[in-house]
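Since the structure comes first, as structure tokens, the remarks are kept for the end.
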Number of protein chains: 2
Amino acid sequence: MNQLEEKLNYRFQNKKFLEIALTHSSYANETKRDMECNERQEFLGDAVLSIIVSDYLFKQYSHLPEGELTKIRASLVCEKSLCQFAREINLGKYLMLGKGEEITGGRERPSILADAFEAVIAAIYLDGGMEAARDYVLHFVANVIENHRSPSFKDYKTILQEIIQQNPEEKITYVLVDENGPDHNKEFMVEVHLNSNVIGTGRGRSKKGAEQMAAKEALELMGE
Amino acid sequence: MNQLEEKLNYRFQNKKFLEIALTHSSYANETKRDMECNERQEFLGDAVLSIIVSDYLFKQYSHLPEGELTKIRASLVCEKSLCQFAREINLGKYLMLGKGEEITGGRERPSILADAFEAVIAAIYLDGGMEAARDYVLHFVANVIENHRSPSFKDYKTILQEIIQQNPEEKITYVLVDENGPDHNKEFMVEVHLNSNVIGTGRGRSKKGAEQMAAKEALELMGE
């Protein structure tokens, strides 16, 4: 337990929360006594993870439209990412599993690792509060965003602007060229012009979204 | 705005957050200047709502299994509930909508009301922090739970125990009668006995879950 706490970089006041986070239902079901498994903490940890990631993305990426934020959030809180985080701290080693689960490779099963990782987030939240959980989660999330060089984590208009303004005589403008559909389901089409040449076109549910997509197309055209 | 703040029972330090929460994309798209609509705050508000409700359910219903908690959370954060909350404070009246949206009844559209309600939650969170948002959200949620007399909000085993112990000679026991499936996808079957008579049977992914379902069946049989 102490070894795992070192990996978590968090010391529990009440180690019961961590014990529960490590108890898979297959183990709890095998024991005679009324043992609590990690499913309830997983329920809570899912929501703790979501607010921490959402708050971070909302504040760090203040120019990204909602659709892009939703995409990034989904990529960070999916089973694949959570399982990867769990492997970084070798969480599988510390799990309490039932015999059958142990034999069939449960310690390496992505769904079990991802669920346990969420239960650990809840354990830290219950023991140390939101700020302790935030420190823990952002350590993983910030790493992923930094290593993930995809422009989906950046603001396309800003990137394009930064590239273009290396030549002071060049000028970028965004032109709304079309609006379609009823008001509650409108689509906008925007062109991005470099001086008077169209270098990208984008569509979106909002003008800002369409501009981002036009800048994205321009960046792709420029090989960025 | 002051009138709405009274209904929210919250006074903003920075009214910009509330203004954004009330700005539907159809209005922002119609204006010439680069106006921010409520979609990004809706993204954040969704996660703020989820952690507040999850934390509340986790702590208040400490004996309900994860599956029941998930069901209750879903019923509280769905469009129908959020739209009802929005109507309680007459939120539609304060929305800024585009002309077409106005004409086609956008002020009463459930999706617009639900989204704006989430954006208002984010506005309070951004302006006053998590505790301010919690006060605001729990006012609505606690009301729904109180008015909602469904046993899904209660712990069936506890209710059954309370009824049975009115006769001191009666005794409830839970008996595991079957286990099916591979370890990672097991199903348990439990009988609840009143003295030596079976009064309910339940199935579940955990023993505790199966016991809750058995107690539920017994309560139904008893007309509760």
With the side chain counted from C-beta on, respond yes when [X] and [Y] share a heavy-atom pair under 4.5 Å apart, and no when they do not.
X: Y125(B); Y: I51(A); value: yes
X: R73(B); Y: D46(A); value: yes
X: D55(B); Y: M130(A); value: no

Could you measure the distance from the [atom1] atom of [X] to the [atom2] atom of [Y]? Nearest 0.5 Å is fine.
X: N29(A); Y: F188(B); atom1: CG; atom2: CZ; value: 3.5 Å
X: K207(A); Y: M35(B); atom1: NZ; atom2: CE; value: 11.0 Å
X: L44(B); Y: E66(A); atom1: CG; atom2: CD; value: 11.5 Å

Donor-acceptor contact present, side-chain R40(A) to main-chain L64(B), <3.5 Å: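 Checking the backbone N and O of L64(B) against the side chain of R40(A), a donor-acceptor pair under 3.5 Å is found.
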Is chain B contacted by the side chain of Q41(A), its backbone, both, or neither, given a heavy-atom distance below 4.5 Å? both
Side chain from CB out, backbone as N, CA, C, O: work out which of these in L126(A) comes under 4.5 Å of a heavy atom of chain B, or both, or neither.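 Side chain only.
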Of the backbone (N, CA, C, O) and the side chain (C-beta and beyond), which part of I52(B) lies under 4.5 Å from a heavy atom of chain A, both, or neither? neither
Max heavy-atom pair count under 4.5 Å with chain B, selected residue of G106(A), A122(A), S62(A):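 Among the listed options, the one with the most contacts to chain B is S62(A).
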Which residue out of T70(B), I103(B), L69(B) racks up the most heavy-atom pairs below 4.5 Å with chain A?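 Counting heavy-atom pairs under 4.5 Å, the top option is L69(B).
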